[in-house]
Amino acid sequence: MQQNARIAVIKGDGIGVDVADATLAVVSAVLDRVGLPGLNIDEIAAGAGYFRDTGRDIEPGGEERAAESDAIFMGAIGLPSVRHADGTEISPHLRLRDRFELYAGVRPVRAYPNAPQRLADPRAAGIDLVILRESTEGLFYSAAVHGRSQIIGDSEVRDTLRITRSICERLHRFGFRLAEKRKARGGKGLLTCVDKANVFASMAFFRKIFDEVRPEFPDIATGYNYVDAQALDLVRQPWAFDVLVTENMFGDILSDLAGGLVGGMGMASCAEIGDHHALFQPAHGSAPDIMGQDKANPLAAILSGALMLDYLADRTEFAAYADAAKLIDEAVMAGFSANRLRPMEFGGDMGTRAVTREVIDLIGESACA
Ligand SMILES: NC(=O)C1=CN([C@@H]2O[C@H](COP(=O)(O)OP(=O)(O)OC[C@H]3O[C@@H](n4cnc5c(N)ncnc54)[C@H](O)[C@@H]3O)[C@@H](O)[C@H]2O)C=CC1
Ligand SMILES: CC(C)CC(=O)C(=O)O
Ligand SMILES: [Mg+2]
């Protein structure tokens, strides 16, 4: 029986490289701790720097190798100084989301003790929600494949907002199942459909399909919010929510807002899951303002690594990875509780390498399942 998963790793640009290295070190330590063989890593060159140097955004054969892996892990891609002629940045990851139908963008938002709380209300300590961002269509449909935008000379440019039944049915079912899974662990069992169904026919369609799927999950409570009101509510009462299911662009914006509520983008983990493939990466970008300075908080990436192990564990041959995922989550929680994780991102004294070492130490000290 195969025991070590094959992971395609795209480190990408800027801090993406540092946080990917941090994650690989933590994953290697945790697998060692639970007595499992390390991952079989296949590193693939891609990103804006690679494009600047070669004229290609991913190395030849890279997408095919990613397709053959058990999961893809990515740091971050993009440099504002490297662009296509139409002004857009180099984003092969959008094409990968499209190609592999990674429609379910899972972005957990969780408050940790001693991490900054941007809201004065003590209930903010209980923030624990997930933004489920559709990740292949919506307003990113044109952007998913470079050249899809309609450029009408120098007088007009159009991008398309596309919502399809096929993706939406799977997305909403994924949202209900996620709410069920969280309810089984003590969660609220609440799925909120976040849209703009008052204005756009595409969004009314998104909500219609939500309503069609809803009767299949009678144990999950449902709610609706227009996206503008949802932005307000994420600041006013984020503790009231459980899983928010939303369109691609809305989810992109709301997930940065929500990351800010619990410390910053260095806390914003992400899994992009399809029916046959999955890609894991922090929700943040390459952060050119801090790159090369050992200042990046690697926890978003490390927690995305835990999401990857959890995903792999759902497949019979890798079931034991669940223990490793749990150990990473517990180490991060224990590290914050004991004030041993103090990322520079929120004024602490620990850079990327120090945070990574501390997580590895915490894993080493933990009692194995
Ligand atoms: N999925 C991806 O690969 C993404 C790529 N990008 C790309 O990244 C580049 C920079 O984009 P920005 O808009 O600046 O977004 P960004 O997420 O890279 O940075 C936004 C702000 O958050 C801070 N930040 C982000 N991650 C951090 C971390 N781990 N630790 C500490 N601070 C962190 C940055 O220093 C910056 O102040 C662009 O080229 C953009 O297109 C942006 C978002 C997602
Ligand atoms: C292509 C990326 C820059 C889009 C983004 O911000 C994200 O996926 O969160
Ligand atoms: Mg984003």
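Bear in mind the structure is a predicted one, so any value in this text is a computation, not a measurement. Counting convention: from 1, in listed order, for ligands and their atoms alike.
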**Student:** Strictly below 4.0 Å, N to O, side chains only: are E365 and R340 in salt-bridge contact?
**Tutor:**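 Here E365 pairs with R340 in a salt bridge, since their nearest N and O are under 4.0 Å apart.
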
**Student:** Below 3.5 angstrom, do we get any N/O pair linking H284 and ligand 1?
**Tutor:**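 Between H284 and ligand 1 (N or O atoms, distance only) the closest approach is under 3.5 Å.
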
**Student:** Show the atoms of ligand 1 that are less than 4.0 angstrom away from any heavy atom in A76.
**Tutor:**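 Taking each heavy atom of A76 in turn, ligand 1 has 3 (O) under 4.0 Å.
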
**Student:** Look at D252 and state whether any of its N, O or S atoms is less than 2.8 Å from the Mg ion (ligand 3).
**Tutor:**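 So D252 does bind the Mg ion (ligand 3) by this criterion.
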
**Student:** How long is the gap from CZ on R207 to CZ on R214, to the nearest 0.5 Å?
**Tutor:**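 Going from the CZ atom of R207 to the CZ atom of R214 covers 10.0 Å.
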
**Student:** Around atom 5 (C) of ligand 1, find the nearest protein heavy atom and jot down its residue, atom name and distance.
**Tutor:**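 For atom 5 (C) of ligand 1, the nearest protein heavy atom comes out as I77 O, 3.0 Å.
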
**Student:** Can you find a side-chain donor-acceptor pair between Y141 and D159 that sits under 3.5 Å?
**Tutor:**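 There is no such pair between these side chains.
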
**Student:** Could you list which atoms of ligand 1 come closer than 4.0 Å to a heavy atom of I290?
**Tutor:**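 Here the atoms of ligand 1 in question are 31 (C), 32 (N), 35 (O).
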
**Student:** For atom 6 (O) of ligand 2, what's the nearest protein heavy-atom neighbour? Residue, atom name and distance, please.
**Tutor:**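 Result: D252 OD1, 3.2 Å.
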
**Student:** Is it the side chain, the backbone, both or neither of M265 that has a heavy atom closer than 4.0 Å to ligand 2?
**Tutor:**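 The answer is neither.
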
**Student:** Under 3.5 Å, is there a donor-acceptor pair linking the side chains of E358 and T356?
**Tutor:**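 Distance-only check fails for E358 and T356.
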
**Student:** Let me see the working for Y311 and D70 under side-chain hydrogen bond (donor to acceptor under 3.5 Å, both in side chains), right down to the final yes or no.
**Tutor:** CA-CA 10 Å; Y311 164 83; D70 294 303; over 6 Å; no

**Student:** Identify the protein heavy atom lying closest to atom 7 (C) of ligand 2, giving its residue, its atom name and the separation to 0.1 Å.
**Tutor:**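 Sorting protein heavy atoms by distance from atom 7 (C) of ligand 2 puts R133 NH1, 3.2 Å first.
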
**Student:** Nearest protein heavy-atom contact for atom 9 (C) of ligand 1: which residue, which atom, what distance?
**Tutor:**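 Nearest protein contact, heavy atoms only, for atom 9 (C) of ligand 1 is S286 OG, 3.3 Å.
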
**Student:** Which atoms of ligand 1 sit under 4.0 Å from any heavy atom of L79?
**Tutor:**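 What qualifies from ligand 1 is 39 (O).
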
**Student:** Would you say R353 has more than 12 foreign heavy atoms packed within less than 6.0 Å of its CZ?
**Tutor:**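 12 or below, so no.
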
**Student:** Just how far is it from atom CD1 of I253 to atom CD1 of I131, taken to the nearest 0.5 Å?
**Tutor:**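 Reported value, rounded in 0.5 Å steps: 11.0 Å.
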
**Student:** Go through the side-chain N and O atoms of E134 and T246 and say whether any donor and acceptor fall under 3.5 Å apart.
**Tutor:**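 Not at all, the side chains of E134 and T246 share no donor-acceptor pair under 3.5 Å.
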
**Student:** What are the atoms of ligand 2, with element, lying closer than 4.0 Å to any heavy atom of L94?
**Tutor:**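 Atoms satisfying the 4.0 Å criterion: 1 (C).
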
**Student:** Do protein heavy atoms approach atom 42 (C) of ligand 1 to less than 4.0 Å?
**Tutor:**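 Within 4.0 Å of atom 42 (C) of ligand 1, protein heavy atoms are found.
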
**Student:** Looking only at protein heavy atoms, which one is nearest to atom 14 (O) of ligand 1, and how far off is it?
**Tutor:**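 Checking every protein heavy atom, the shortest distance to atom 14 (O) of ligand 1 gives P288 CD, 4.4 Å.
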
**Student:** Can you confirm whether or not the ring centre of F210 sits under 6.0 Å from the ring centre of Y224?
**Tutor:**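 Yes, the ring centres sit under 6.0 Å apart.
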
**Student:** Short list, please: which atoms of ligand 1 are under 4.0 Å from a heavy atom of Q281?
**Tutor:**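 Going through ligand 1 atom by atom, the ones under 4.0 Å from Q281 are 1 (N), 2 (C), 3 (O).
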
**Student:** Under 3.5 Å between some N or O of ligand 1 and some N or O of A296?
**Tutor:**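 No.
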
**Student:** At the 4.0 Å heavy-atom cut-off, does E272 count as touching ligand 2?
**Tutor:**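 Distance cut 4.0 Å: E272 fails for ligand 2.
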
**Student:** Need the ligand 1 atom indices (1-based, order shown) with element for anything under 4.0 Å from a heavy-atom of H93.
**Tutor:**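 Those of ligand 1 that fall under 4.0 Å from H93 are 1 (N), 2 (C), 3 (O).
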
**Student:** Give the atom numbers and elements of ligand 2 that come within less than 4.0 Å of a heavy atom of R97.
**Tutor:**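 So the answer, numbered in order with elements, is 7 (C), 8 (O).
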
**Student:** Students should be able to answer this: which protein heavy-atom is nearest to atom 27 (C) of ligand 1, and at what distance?
**Tutor:**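 Checked against all protein heavy atoms, atom 27 (C) of ligand 1 sits closest to I15 CD1, 3.8 Å.
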
**Student:** Is any NZ, NE, NH1 or NH2 atom of the basic residue among K196 and E247 found under 4.0 Å from an Asp or Glu carboxylate oxygen of the other?
**Tutor:**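 Result for this pair is no, no salt bridge flagged.
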
**Student:** Within a 6.0 Å radius of atom NZ on K295, are there more than 12 heavy atoms belonging to other residues, nucleotides or ligands?
**Tutor:**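 No.
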
**Student:** Below 4.0 Å from any atom of ligand 2, is there a heavy atom belonging to H284?
**Tutor:**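 False for this residue.
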
**Student:** When you look for heavy atoms under 4.0 Å from ligand 1, do you find them on the side chain of M344, its backbone, both, or neither?
**Tutor:**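 The answer is neither.
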
**Student:** Give me the nearest non-hydrogen protein atom to atom 37 (O) of ligand 1 as residue plus atom name, then the distance to 0.1 Å.
**Tutor:**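 Atom 37 (O) of ligand 1 sits closest to the protein heavy atom D289 OD2, 2.9 Å.
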
**Student:** Please check if any side-chain donor atom of N248 sits under 3.5 Å from a side-chain acceptor atom of S135, or the reverse.
**Tutor:**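 The answer is no; no qualifying pair exists.
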
**Student:** Find the distance between OG (S28) and CZ (R33) and round it off to the nearest 0.5 Å.
**Tutor:**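 So the gap between those two atoms works out to 14.0 Å.
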
**Student:** Decide, yes or no, whether a salt bridge links R99 with E63 under the criterion of side-chain N to carboxylate O below 4.0 Å.
**Tutor:**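 Salt bridge between R99 and E63, a charged N being under 4.0 Å from a carboxylate O: yes.
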
**Student:** Is the shortest distance from a heavy atom of M249 to ligand 2 less than 4.0 Å?
**Tutor:**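 Outside the 4.0 Å threshold, so no.
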
**Student:** State, to 0.1 Å, how close A76 and S286 come at their nearest heavy-atom pair, and which atoms those are.
**Tutor:**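 A76 and S286 have their closest heavy atoms at CB-N, 3.7 Å.
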
**Student:** Any protein heavy-atom neighbour for atom 12 (P) of ligand 1 (distance below 4.0 angstrom)?
**Tutor:**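 Protein heavy atom within 4.0 Å of atom 12 (P) of ligand 1: absent.
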
**Student:** Of the protein's non-hydrogen atoms, which lies at the shortest distance from atom 29 (N) of ligand 1, and what is that distance?
**Tutor:**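 Result: N297 O, 2.9 Å.
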
**Student:** Which residue owns the protein heavy atom closest to atom 20 (C) of ligand 1, what's the atom, and how far is it?
**Tutor:**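 The answer is M265 CG, 4.8 Å.
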
**Student:** Would you say S166 and R170 are linked by a side-chain donor-acceptor pair, where the criterion is simply a distance under 3.5 Å?
**Tutor:**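 Yes, S166 and R170 have a side-chain donor paired with an acceptor closer than 3.5 Å.
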
**Student:** Could you establish whether P80 and ligand 1 come within less than 4.0 Å of each other, counting only heavy atoms on the residue side?
**Tutor:**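 Judged by the 4.0 Å heavy-atom criterion, P80 does count as contacting ligand 1.
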
**Student:** Judged by non-hydrogen atoms, does R107 sit under 4.0 Å from ligand 2?
**Tutor:**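 True for this residue.
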
**Student:** In terms of residue, atom name and distance, what is the protein heavy atom nearest to atom 1 (C) of ligand 2?
**Tutor:**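 For atom 1 (C) of ligand 2, the nearest protein heavy atom is H93 NE2, 3.4 Å.
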
**Student:** Before accepting this row, confirm whether a basic side-chain N of the pair K208/D211 lies closer than 4.0 Å to the acidic partner's carboxylate O.
**Tutor:**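 No, this pair does not count.
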
**Student:** Does some non-hydrogen atom of V19 fall short of 4.0 Å from ligand 1?
**Tutor:**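 It does not, in that no heavy atom of V19 comes within the 4.0 Å cut-off of ligand 1.
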
**Student:** Any idea which protein heavy atom is nearest atom 39 (O) of ligand 1, and the distance to it?
**Tutor:**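 For atom 39 (O) of ligand 1, the nearest protein heavy atom comes out as E89 OE1, 2.4 Å.
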
**Student:** Identify the protein heavy atom lying closest to atom 4 (C) of ligand 2, giving its residue, its atom name and the separation to 0.1 Å.
**Tutor:**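 The closest heavy atom on the protein side is F140 CE2, 4.0 Å.
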
**Student:** Supply the atom-to-atom distance Q281 CD to E272 CD, rounded to the nearest 0.5 angstrom.
**Tutor:**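 It is 4.5 Å, given to the nearest 0.5 Å.
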
